[in-house]
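Written below as structure tokens is the structure these notes are about.
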Amino acid sequence: MHCFDLPEFNVVIAGGGSIGRALLEEVQLIPGFNQAIVLERNPDPSGNASAVLHLKMDAKDPDSIKDAAAQAARHVNRVHLLINTVGVLHDGKLRPEKSLKAISQDSLLNSFAINAAFLPLLAQAFSAMMRHDDPAILASLSARVGSIEDNHSGGWYSYRAAKAAQNMLLRTLAREWRLSHPQATVLALHPGTVESRLSEPFISANFRKRVLTPGECATSLIKVMASLNVSDSGSFHDWKGEVIPW
């Protein structure tokens, strides 16, 4: 049995961006859906409903992550899907570096904090709720550019390195959880290029036909997760289900 086949399953989504919101909509369409908890920096209390709870969390604040998990534990005693959609490629000051001379310590540290270090802290905070006898999934959105083997064009130093670091952290976690959380499948997922605030500055007119809507992305990711099981734990797949080399 898969977690999506359970009579009731609970979901925690870290991140309230385009993909996170689309995933929230999609999981609510699955018959066994019971409860969703969304962790985000600026939650909208008006969005809270009996089956959906929005909690405040800052990915760069470890105490905030622990507090969000503690609040979640008051509503659910087990989590069947924990998915990390948090990521940063650019902000008001930082943009992907096209060359070595553009690298700064701030950009490296900021990218690593959000794109890499957040994942194990999230897993740590929710570990107890993910350890149960039901099938479970911990999935984290990575990126094809984080593949060391697939790096043919260079550039984007901080983002590439941070996603590669996340991949290593996730694979290491998968090895540990094979023993401590034997029902959990740990996955790195590449969502493709999706219409979102993160990707919009880098989508050219010629590239747009290869861009997914958030809804298309969410549907595809759920289909991929549903096709995998514990024997696939610690693997890296794109939105079509194809394996990406580390």
Side-chain angles (χ1 to χ4, degrees), residues 1-15 19-20 23-24 26-27 30-39 53 55 57 59 62 65-66 68-87 115-142 146 163 165-191 218 220-239 241 243-244 246:
M1 180 179 283
H2 196 278
C3 71
F4 297 130
D5 299 321
L6 292 168
E8 289 189 352
F9 67 89
N10 301 318
V11 179
V12 173
I13 301 172
I19 297 177
L23 283 166
L24 175 62
E26 289 295 317
V27 295
I30 300 174
F33 170 77
N34 179 55
Q35 178 79 52
I37 298 173
V38 182
L39 314 177
L53 180 66
L55 298 177
M57 181 211 66
I65 300 167
K66 292 178 183 177
Q71 291 182 62
R74 299 188 189 109
H75 296 269
V76 297
N77 61 7
R78 57 181 60 190
V79 172
H80 300 97
L81 172 62
L82 173 61
I83 183 162
N84 170 31
T85 71
V86 172
N115 294 318
F118 171 64
L119 171 62
L121 296 177
L122 179 71
Q124 183 184 69
F126 283 88
S127 176
M129 283 179 277
M130 294 288 291
R131 187 176 184 177
H132 47 70
D133 295 332
D134 293 336
I137 297 173
L138 184 154
S140 185
L141 298 193
S142 184
K163 287 296 188 179
Q166 185 204 121
N167 289 347
M168 176 60 84
L169 290 163
L170 180 139
R171 191 163 171 86
T172 303
L173 171 66
R175 293 297 182 264
E176 178 179 343
W177 276 19
R178 280 187 176 180
L179 298 176
S180 63
H181 296 59
Q183 300 301 319
T185 302
V186 180
L187 302 169
L189 300 175
H190 168 55
S220 298
L221 292 179
I222 289 174
K223 186 180 296 185
V224 171
M225 288 187 282
S227 71
L228 302 171
N229 54 49
V230 290
S231 65
D232 301 297
S233 191
S235 56
F236 186 12
H237 301 260
D238 70 8
W239 61 276
V243 174
I244 299 175
W246 294 112

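Throughout, residue positions are numbered sequentially from 1 according to the sequence presented.
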When every non-hydrogen atom of A116 is compared with those of L169, the smallest separation belongs to O-CD1, 3.6 Å

Cut-off 3.5 Å, side chains only: do H237 and S227 have a donor facing an acceptor? no

Rounded to the nearest 0.5 Å, how far apart are CD1 of I222 and CH2 of W239? 15.0 Å

Atom CG of L55 and atom CZ of R74: how far apart are they, to the nearest 0.5 Å? 9.5 Å

State, with a plain yes or no, whether a side-chain heavy atom of I83 is found less than 4.5 Å away from one of V12. no

To the nearest 0.5 Å, atom OG of S220 lies from atom CD of E26 at 9.0 Å

Taking it one step at a time, do I30 and F9 satisfy side-chain contact (heavy atoms from CB on, under 4.5 Å)? CA-CA 10 Å; I30 300 174; F9 67 89; 3.5 Å; yes

Kindly give the heavy-atom pair with the smallest separation between V224 and G241, and that separation in Å. CG2-N, 3.5 Å

Given side-chain contact (heavy atoms from CB on, under 4.5 Å), test M129 with R78 step by step and report yes or no. CA-CA 4 Å; M129 283 179 277; R78 57 181 60 190; 5.5 Å; no

What's the shortest heavy-atom distance between N167 and A188, and which atoms? OD1-CB, 4.1 Å

Tell me the closest heavy-atom pair linking L24 and A36, and the distance in Å. CD1-CB, 3.5 Å

Would you please test H181 and V186 for side-chain contact (heavy atoms from CB on, under 4.5 Å) and show each step? CA-CA 10 Å; H181 296 59; V186 180; over 6 Å; no

Indicate yes or no: at least one non-hydrogen side-chain atom of L82 is less than 4.5 angstrom from one of V79. yes

Any side-chain to backbone donor/acceptor pair from K163 onto L141? Under 3.5 Å, distance only. yes

Looking only at non-hydrogen atoms, find the nearest pair between L221 and H190 and report the distance. CD2-O, 4.3 Å

Determine whether I137 and H2 make a side-chain contact, defined as any pair of heavy atoms from C-beta on separated by less than 4.5 Å. yes

Would you check, one step at a time, whether the test side-chain contact (heavy atoms from CB on, under 4.5 Å) holds for V11 with Q35? CA-CA 6 Å; V11 179; Q35 178 79 52; over 6 Å; no

Please confirm whether the backbone N or O of G234 pairs with a side-chain atom of R171, one donor and one acceptor, at under 3.5 Å? yes

Whether R178 side chain and S233 backbone form a donor-acceptor pair below 3.5 Å: yes

Drop me the distance from L138's CG to L119's CG, to the nearest 0.5 angstrom. 6.0 Å

Does H80 form a ring-ring contact (aromatic ring centres under 6.0 Å, His included) with H132? I'd like the steps, not just the answer. CA-CA 9 Å; H80 300 97; H132 47 70; 5.1 Å; yes

Please name the pair of heavy atoms, one in A72 and one in F126, separated by the smallest distance, quoted to 0.1 Å. CB-CE2, 3.8 Å

Does the side chain of L39 come within less than 4.5 Å of L122's, by heavy atoms? yes

May I ask you to decide if A14's main-chain N or O and T85's side chain share a donor-acceptor pair within less than 3.5 Å? yes

Are S140 and L187 close enough that some pair of their side-chain heavy atoms sits under 4.5 Å apart? no

Please examine the side chains of L173 and P120, heavy atoms only from C-beta on, and report whether any two atoms are closer than 4.5 Å. no

Side chains of D238 and L189: does their closest heavy-atom pair fall under 4.5 Å? no

Given 3.5 Å as the limit, does a donor-acceptor pair link the side chain of Q166 with the main chain of N115, or not? yes

I'd like to know whether CZ of R131 has more than 12 heavy-atom contacts from other residues, nucleotides or ligands below 6.0 angstrom. no

Distance (rounded to the nearest 0.5 Å) between W177 CH2 and T185 OG1: 11.0 Å

Please examine the side chains of I37 and V76, heavy atoms only from C-beta on, and report whether any two atoms are closer than 4.5 Å. yes

